Amino acid sequence: MASLKALKVRIGSVKSTQKITKAMKMVAAAKLRRAQEAAEAGRPYAQRLESVVASLASKVAGGPGVSPLLAGTGKDQVHLFVVATSDKGLAGAFNTNIARLARRRAQELIAQGKTVKYRP
């Protein structure tokens, strides 16, 4: 059986661990709250982007009054890549993956004999 002193030391150790755990939970909750706020702040941007894409799609699928720039010519020899990346901090891996995917797709199209153009 453990001595009284050993039990007191153990109790103190457990209480200290509980304090540390509680502090870590508070930090995690604050980080989660900030992440949720950031996600909600991006919602208007996403909604506007969705409406722009929907507008373009409706014009392309439209009838005779559609601009040839949107409808295209029916040929698929020239492909235009519009690569959009993030300008926020700590988005390096995100941006790298987007650029890598665009480059890979462009190489596939070039291998098929297509012309690829980029717009940042």
Side-chain angles (χ1 to χ4, degrees):
M1 187 165 127
S3 69
L4 185 60
K5 181 170 172 73
L7 288 174
K8 286 183 179 181
V9 168
R10 178 74 174 144
I11 289 170
S13 174
V14 169
K15 285 183 179 180
S16 176
T17 301
Q18 286 175 337
K19 287 180 185 177
I20 292 169
T21 304
K22 183 178 178 182
M24 290 172 68
K25 284 181 182 179
M26 289 172 54
V27 168
K31 285 183 178 181
L32 179 62
R33 188 170 39 254
R34 274 198 306 271
Q36 287 174 333
E37 289 171 359
E40 289 175 7
R43 191 170 288 152
Y45 172 76
Q47 289 171 342
R48 179 66 178 142
L49 184 61
E50 181 182 358
S51 70
V52 167
V53 170
S55 172
L56 285 173
S58 70
K59 288 184 170 90
V60 169
V66 176
S67 167
L69 293 174
L70 290 175
T73 61
K75 301 175 187 172
D76 67 344
Q77 284 304 111
V78 179
H79 293 262
L80 174 65
F81 280 32
V82 179
V83 182
T85 57
S86 174
D87 65 346
K88 295 290 184 181
L90 301 176
F94 174 73
N95 292 340
T96 300
N97 287 330
I98 289 175
R100 184 180 298 135
L101 180 64
R103 192 176 310 115
R104 187 178 302 141
R105 181 68 180 132
Q107 289 171 348
E108 290 172 5
L109 291 169
I110 290 170
Q112 295 173 7
K114 314 280 182 176
T115 302
V116 175
K117 296 181 179 180
Y118 289 93
R119 289 292 174 250

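None of these values were measured; they are calculated from a predicted model.
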Could you give the distance from [atom1] ([X]) to [atom2] ([Y]), rounded to the nearest 0.5 Å?
X: Asp76; Y: Thr115; atom1: CG; atom2: OG1; answer: 10.5 Å
X: His79; Y: Ile110; atom1: NE2; atom2: CD1; answer: 10.5 Å
X: Met24; Y: Ile20; atom1: CE; atom2: CD1; answer: 8.5 Å
X: Glu37; Y: Leu32; atom1: CD; atom2: CG; answer: 10.0 Å

- [ ] Considering only NZ, NE, NH1 and NH2 on the basic side and carboxylate oxygens on the acidic side, decide whether Arg43 and Glu40 come within less than 4.0 Å.
- [x] no
- [ ] Please identify each residue that fulfils side chain to side chain contact (heavy atoms under 4.5 Å, CB included) with Lys19, with sequence neighbours left out.
- [x] none
Task: Connected via hydrophobic side-chain network under 4.5 Å: Leu109 and Val83 - done: yes
Open item on the list: With a 3.5 Å distance limit and no angle check, can you tell me whether Ser13 reaches the backbone of Val9 through a side-chain donor-acceptor pair?
Closed with: no
- [ ] Look at the side chain of Ser55 and the backbone N and O of Ser51, then say whether any donor-acceptor pair between them is shorter than 3.5 Å.
- [x] no
Task: Any Lys22 side-chain heavy atom under 4.5 Å of Gln18 side chain - done: no
Task: Within 6.0 angstrom of Lys114 NZ, more than 12 heavy atoms from elsewhere - done: yes
TODO: Assess whether atom CD of Gln112 is packed by more than 12 heavy atoms of other residues, nucleotides or ligands within 6.0 Å.
DONE: yes
Task: Considering all heavy atoms, the nearest Ala84-Ile98 contact - done: O-CD1, 3.6 Å
